[in-house]
Amino acid sequence: MVTSDFRNLYRHGFARVAACAVPVALADPATNAQRIVEQVRALHDDGVAVALFPELSLTGYALDDLLLQDPLLDAADAAVVALAEATADLRPVVVVGAPLRNGNRLYNCAVVLHRGRVLGVAPKAYLPTYREFYEKRWFAAGTDASATTLHAPHWPGADDAGEVPFGTDLLFRATDVPGLVVHVEVCEDVWVPVPPSHLAALAGASVLLNLSASPITVGRAEDRHLMARSASARCNAVYAYAAAMAGESTTDLSWDGMTMVYEAGDLLGQTDRFLEDAHATVVDVDLDRVRQERLRQGSFDDNAAALGVGGYRTVDLTIGPPDGDLGLRRPLDRFPFVPDDETRLALDCYEAYNIQVSGLEQRMRSIGTPTLVIGVSGGLDSTHALIVAAKAMDRLGRPRSDILAFTMPGFATSDHTKANATALAEALGVTFAEIDIRPMATQMLSDLGHPFGRGEPVYDVTFENVQAGLRTDVLFRIANQRGGIVVGTGDLSELALGWCTYGVGDQMSHYGVNAGVPKTLMQHLIRWVVSTEQFDAAVDEILLSILDTEISPELVPAQEGEGPQSTQQIIGPYALQDFTLFHVLRRGARPGKIAFLAEATWRDADAGAWPVGYPAADRVAYDLATIKHWMRVFVRRFFGNQFKRSALPNGPKVTPGGALSPRGDWRMPSDALADAWLAEVEQVPEA
């Protein structure tokens, strides 16, 4: 990570890729080459590294028997030379389609050019000859080609013998953009059960390109999305797709010029269809993400070994990525644990809630018929744990009175939160009681010789932990006395930051229903419970009141003129800390990259999408200095509190973003040093 060029996307494992479509001049390669050059020049100025064009883009696809006419083939050959010469001073790797002769056969080819040279030619491996397609009339299949080179001594880039690499086994590797390894396939190749791109991915390709003609029919666009998305997800790769557009013959077919790019199953961008002018999907792909996914998924390499994948030829090239701030063109999620899309968010909340409920149900079944003992504070976490417990009892056909809920006011408990906790317990019909821990805490602090025990207003960590510890101790003793288990309320974000009291404290329980739920998702889960009427209107009204309450541990009394103790003022905004947690836990990203992403995502509150229902007053922005400050806090707390996570109680994993159980997603020594991570945090500029 280079501090002096911190905002450059290429410094953080990204590369800019374009999937393009240009109007076709049917059977006019010279004109098509000129149109492609115009597009490539604009993409060069835009910082693009790889530019993909449709199948047979130098000639047009719908040519039928004209494809076997020498004038057309000669013109296509000349257009390749012209295109190479015209792009000699341009950055992008250019991938175009052309019909090319090799030996006695004609092939439907992808031609890969860069900096004035033809780097290689990839023939279409599988030819469709069904329904509207009739390609075997004209072309030979790339899988049948015995030649490994194409003789073209007049082409720029041909070797001393006049040969250019030819075959479906070519990888194009950028030596100065780590992780950028390109493989090219043509249209039908992705529709077969084992596409060439999938084998190439196993051989090391990270960016898979598909030149397509693909005449449009009703529903085919959705099928293309399915193929591209599944290819990118299955291959842990980028998959870019470009289809033919206006200018192709409409004698029997029509064309929509669809372009799109997927990355590991996520749609990064697409253009409108049925456009008349040249257009492109230009996005920044995360090559680091691809590398990290493959690093973690050992079965990926196992699959390559089992299939004996090997023998791919690699052609090296130098991109020369641009300097400076190019922006970042990809969907940016402020809340990576929380989808912006309303339908997806509703589905995620449905699944998360039911994962928690069914997990608790199974734990109760395995024990027998335990009561559930839970401490309720009127805050988000204990509220959600309580409604999860209530739903679990409902499903098991047991009375909610078998839930023993206790509010345990301490020295800073507010009337508001206590009233909410009481009202919620009563509205749910659980067994409810209040246990005032202040006399016990005062006695313990006095016995410890703590100044507060002598009446002095000293509110240190011991003062806080005595209260947290007593609450949990009381719950465990009640569970022991009344045949129950303690339901933990702490969430994933608190575990990451160590915002919990170890041992006999809120770190411990018999079963932690919230341990897999990040704080930024918690409020949406409760809103979903309200919107889907999981409980009656009286419960919903109280839940909405709790959602509007400041997040606070309520352990330190507020001083005159001050608000209540604020968790986020101490450990940082959960929005930023969950952002960092996701990229550490799920993506394996380094601090510099996370800071780069966070600034791009959070610097403008008016840019980008917010989750449905997110309060307008909370829609804030964060500058780089603030991001750096709280990232420093995150790293120190994350490393310093692993010992708490190493002794984590059972609880279900909830989100694909990961969990922190030492038996599941995250294994880490408790005495690991954070120095290397902190050193990189310090390299992040302040502005």
Verify the distance criterion only: is there a donor paired with an acceptor across the side chains of [X] and [Y] at less than 3.5 Å?
X: Asn354; Y: Arg395; answer: yes
X: Thr489; Y: Asp381; answer: no
X: Asp447; Y: Gln443; answer: yes
X: Ser552; Y: Ser566; answer: no
X: His416; Y: Thr549; answer: yes
X: Asn420; Y: Ser545; answer: yes

Item to complete: Applying ring-ring contact (aromatic ring centres under 6.0 Å, His included), name anything that partners Phe638, two or more places apart in sequence or on another chain.
Response: Phe634, Trp666
May I ask you to decide if [Y]'s main-chain N or O and [X]'s side chain share a donor-acceptor pair within less than 3.5 Å?
X: Thr431; Y: Ser401; result: yes
X: Thr472; Y: Asp506; result: yes
X: Ser382; Y: Ser377; result: yes

Worksheet, complete the sentence: Residue pairs meeting ring pair (Phe, Tyr, Trp, His ring centres under 6.0 Å), one or both in residues 511-569, sequence neighbours left out, come to Tyr353-Trp528
Discussion item. Filter on side-chain hydrogen bond (donor to acceptor under 3.5 Å, both in side chains), then keep only pairs touching residues 609-619, sequence neighbours left out; what's left?
Written reply: none
For [X], give me all partners under side-chain hydrogen bond (donor to acceptor under 3.5 Å, both in side chains), at least two apart in sequence or on another chain.
X: Asp578; result: Ser493, Thr520
X: Asp325; result: none
X: Ser531; result: none

Output the distance between atom [atom1] ([X]) and atom [atom2] ([Y]), rounded to the nearest 0.5 Å.
X: Leu380; Y: Glu550; atom1: CG; atom2: CD; answer: 10.5 Å
X: Leu424; Y: Glu541; atom1: CG; atom2: CD; answer: 12.0 Å
X: Glu680; Y: Ile594; atom1: CD; atom2: CD1; answer: 9.0 Å

Pairing residues for [X] by the salt bridge (Lys or Arg N to Asp or Glu O under 4.0 Å) criterion, not counting sequence neighbours:
X: Glu494; value: Lys519
X: Asp341; value: none
X: Arg637; value: none

Worksheet item: According to the salt bridge (charged side-chain N to carboxylate O under 4.0 Å, His left out) rule, which pairs have a member within residues 639-659, sequence neighbours left out?
Response: Lys653-Asp665
Practice prompt. Would you check if Glu686 and Leu624 make a side-chain contact, meaning some heavy-atom pair closer than 4.5 Å?
Written response: no
Discussion item. Using side-chain heavy atoms (C-beta onward) and a distance below 4.5 Å, is Thr501 in contact with Gln507?
Written reply: no
Worksheet item: Does Trp677 have Arg590 sitting over its ring (NZ/CZ under 6.0 Å from centre, angle to axis within 45°)?
Response: no
Worksheet item: So, is the end of the Lys628 side chain (NZ or CZ) under 6.0 Å from the ring centre of Tyr622 and within 45° of the ring's axis?
Response: no
Worksheet item: Do Asp284 and Arg329 meet the salt-bridge criterion of a basic N to acidic O distance under 4.0 Å?
Response: no
Item to complete: Decide, yes or no, whether a salt bridge links Asp266 with Arg289 under the criterion of side-chain N to carboxylate O below 4.0 Å.
Response: yes
Worksheet item: Within a radius of less than 6.0 Å around CG of Asp604, do more than 12 heavy atoms belonging to other residues, nucleotides or ligands occur?
Response: yes
Worksheet, complete the sentence: Those residues at least two apart in sequence (or on a different chain) that pass side chain to side chain contact (heavy atoms under 4.5 Å, CB included) with Thr413 are Pro409, Thr417, Lys418, Arg471, Glu554
Discussion item. If you take the centroid of each ring, where Trp contributes its six-membered ring, are Phe643 and Tyr502 closer together than 6.0 Å?
Written reply: yes
Worksheet item: Hey, do the aromatic rings of Phe411 and Phe452 have their centres closer than 6.0 Å?
Response: yes
Donor-acceptor list for residues 383-393 side chains, cut-off 3.5 Å, not counting sequence neighbours:
| unit_1 | atom_1 | unit_2 | atom_2 | d |
| --- | --- | --- | --- | --- |
| Thr383 | OG1 | Gly379 | O | 2.6 |
| His384 | NE2 | Gln356 | OE1 | 2.8 |
| Lys391 | NZ | Gln534 | O | 3.2 |

Discussion item. If you apply the rule salt bridge (charged side-chain N to carboxylate O under 4.0 Å, His left out), what do you find for Asp623 with Arg603, and how did you get there?
Written reply: CA-CA 6 Å; Asp623 60 22; Arg603 63 186 164 197; over 6 Å; no
